[in-house]
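Here's the structure, in structure tokens; my notes come after.
On a predicted model such as this, the values are computed, not experimentally measured, just so you know. No hydrogens, no waters, no symmetry mates; every other heavy atom, side chains included, goes into these values.
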Amino acid sequence: MADIVSFGEMLIDFVPDVSGVSLAESTGFLKAPGGAPANVACAITKLGGTSAFIGKFGDDEFGHMLVNILKKNGVNSEGVCFDKDARTALAFVTLRKDGEREFMFYRNPSADMLLKESELNMGLIKKAKIFHYGSISLITEPCRSAHIAAVKAAKEAGVLLSYDPNLRIPLWPSPEAAREGIKSIWNTADFIKVSDDEVEFITQGPSDEKNCLSLWYEGLKLLVVTDGDKGCRYFTKNFKGSVKGFAVNTVDTTGAGDAFVGSLLCSLAKDPSLYEDEGKLKETLTLANACGAICTTQKGAIPALPDIAAAQKLISGSK
């Protein structure tokens, strides 16, 4: 069985083969597997952990290709199902000169949006140590109801809940709907990871400490705010602080947050109480920062995910 079960979307990112051009200007695209929850599942296995993915694909060439990628990466695919009537989701992703991304999605509706509660592999969910999810699966029915049922089942089984909102405003009907949707399940998670940009979006203010702490609620065990190449900040019931990032040659930031989350969840699956020890937590977040940094050094998320040796090499080289 898998220690960490990741729920949500997996899709194909089409990335321009030349950086710094718009979609219209691009003359060619590279096909890359994507989708934050799937990236996290692959990040975990790359680091030596065990993971499963729960989601729905089109019964098409791309859908079967993506499931094969999960299997090749050692991810348990027993929670995967196929839809004969809907296509696998696609996203066209432009890489600006600074490595940041812009998205154009093709999902109306795509198969991942049509996952039903009756199709959930509840056995996988209830036997996990950690159940991880984002917010994209909350946008439309029936996937929203399936997501909420999965979270409820995990919580009742004593599984720890991990939430990374992974904001994608173009997918929501409006920014207000995105804000409301992201917050609708906020107070159920044990661990939450948000980026500084997401803090600004959710709180409608700067990502300073006051606004970060406004996202805290009684029952949350760990809140981590990632600050790009600057590193991350952490907040627990008993302490707070920051951990520096790593300077690398950034090519593509796609998947950096997912590599970070995968590393963090791997550590938490081994020691679920490490957030209570500030020294252990800082070590854990240093490793997660290294994984996130390495992931930005080549194009595409899953191919760029590091193993533990690469992350430890970056850490020891920067001391």
- [ ] Using the six-membered ring wherever Trp is involved, compare the ring planes of Phe82 and His64 and label them parallel, tilted or perpendicular (cut-offs 30° and 60°).
- [x] parallel
Open item on the list: Side chains of Lys240 and Arg233, heavy atoms from C-beta outward: is any pair under 4.5 Å?
Closed with: no
Task: OH (Tyr217) with more than 12 external heavy atoms under 6.0 Å - done: yes
- [ ] Evaluate the ring planes of Phe105 and Phe103, with Trp represented by its six-membered ring, and classify them as parallel (under 30°), tilted (30 to 60°) or perpendicular (over 60°).
- [x] parallel
Open item on the list: If the threshold is 4.0 Å, N to carboxylate O, is there a salt bridge linking Lys282 and Glu278?
Closed with: no
Task: Side-chain ion pair, Asp59 and Lys84, N-O less than 4.0 Å - done: yes
Open item on the list: Please say yes or no: joined through hydrophobic side-chain contacts below 4.5 Å, possibly via intermediate residues, are Ile12 and Phe53 part of one cluster?
Closed with: yes
- [ ] Measure across Pro165 and Glu198 and return the closest heavy-atom pair with its distance rounded to 0.1 Å.
- [x] C-OE2, 4.4 Å
TODO: Can you label the angle between the Phe92 ring and the Phe14 ring as parallel, tilted or perpendicular, going by 30° and 60°?
DONE: parallel
TODO: Please determine which of Leu215, Asp208, Val194 meets the side chain to side chain contact (heavy atoms under 4.5 Å, CB included) test together with Thr203.
DONE: Leu215
Task: Thr284 side chain vs Lys280 backbone, donor-acceptor pair below 3.5 Å - done: yes
Open item on the list: Taking the side chain as everything from C-beta on, heavy atoms only, tell me whether Leu264 gets closer than 4.5 Å to Leu285.
Closed with: yes
Open item on the list: Using the ring centroid of each side chain, check whether Tyr163 and Tyr133 are separated by less than 6.0 Å.
Closed with: yes
- [ ] Would you name the heavy atoms of Ala86 and Pro109 that are closest together and state the gap between them?
- [x] CB-O, 4.0 Å
Open item on the list: Count I, L, V, M, F, W, Y as connected when their side-chain heavy atoms are under 4.5 Å apart, and connections chain through other members. Are Leu115 and Phe131 then in the same cluster?
Closed with: yes
Open item on the list: With a 4.0 Å cut-off on N to O distance, would you call Asp190 and Lys221 a salt bridge?
Closed with: yes
Task: Lys155 atom NZ, neighbour heavy-atom count above 12 within 6.0 Å - done: yes
- [ ] Please examine the side chains of Ile315 and Thr286, heavy atoms only from C-beta on, and report whether any two atoms are closer than 4.5 Å.
- [x] yes
Task: Exceeds 12 heavy-atom contacts within 6.0 angstrom, atom CD of Gln298 - done: yes
Open item on the list: If you apply the rule side chain to side chain contact (heavy atoms under 4.5 Å, CB included), what do you find for Leu167 with Ile182, and how did you get there?
Closed with: CA-CA 8 Å; Leu167 174 67; Ile182 285 168; 3.7 Å; yes
Task: Path from Trp172 to Met113 over hydrophobic side-chain contacts below 4.5 Å - done: no
Open item on the list: Side chains of Thr88 and Ser110, heavy atoms from C-beta outward: is any pair under 4.5 Å?
Closed with: no
Open item on the list: As a quick check of understanding, evaluate side chain to side chain contact (heavy atoms under 4.5 Å, CB included) for Arg179 and Gln204, giving each step before the final call.
Closed with: CA-CA 10 Å; Arg179 204 172 285 114; Gln204 296 179 275; 3.5 Å; yes
Open item on the list: Is it the case that the side chain of Lys56 and the backbone of Leu114 share a donor-acceptor pair, with hydrogens and angles ignored and the cut-off at 3.5 Å?
Closed with: yes
Task: Test item: Met65 and Lys31 side chains (from C-beta on) under 4.5 Å apart, heavy atoms - done: yes
- [ ] Tell me whether the centres of the aromatic rings in His132 and Phe7 are closer together than 6.0 Å.
- [x] no
Open item on the list: Please say yes or no: joined through hydrophobic side-chain contacts below 4.5 Å, possibly via intermediate residues, are Val75 and Met1 part of one cluster?
Closed with: no
- [ ] Begin from the C-alpha positions of Met10 and Ile69 and carry the test side chain to side chain contact (heavy atoms under 4.5 Å, CB included) through to its verdict.
- [x] CA-CA 11 Å; Met10 187 178 191; Ile69 286 167; 4.3 Å; yes
- [ ] State, with a plain yes or no, whether a side-chain heavy atom of Leu138 is found less than 4.5 Å away from one of Ser184.
- [x] yes
TODO: Spell out, as yes or no, whether a donor-acceptor pair under 3.5 Å connects the side chain of Ser316 to the backbone of Lys313.
DONE: yes
Task: Side-chain donor/acceptor of Asp13 to backbone N/O of Val93, under 3.5 Å - done: no
TODO: I would like to know whether Cys295 and Leu305 meet side chain to side chain contact (heavy atoms under 4.5 Å, CB included); could you show each step before the answer?
DONE: CA-CA 5 Å; Cys295 193; Leu305 294 168; 4.1 Å; yes
Open item on the list: With a 4.5 Å cut-off on side-chain heavy atoms, are Thr94 and Val21 touching?
Closed with: no
Task: Thr254-Asp252 side chain donor-acceptor pair, cut-off 3.5 Å - done: yes
- [ ] For residues Phe235 and Leu213, determine if any side-chain heavy atom of one lies less than 4.5 Å from a side-chain heavy atom of the other.
- [x] yes
Task: Exceeds 12 heavy-atom contacts within 6.0 angstrom, atom CZ of Arg87 - done: no
Task: Transitive ILVMFWY side-chain link Leu66 to Val5, under 4.5 Å - done: no
Task: Atom pair NZ/SG of Lys244 and Cys232 - distance to nearest 0.5 Å - done: 13.0 Å
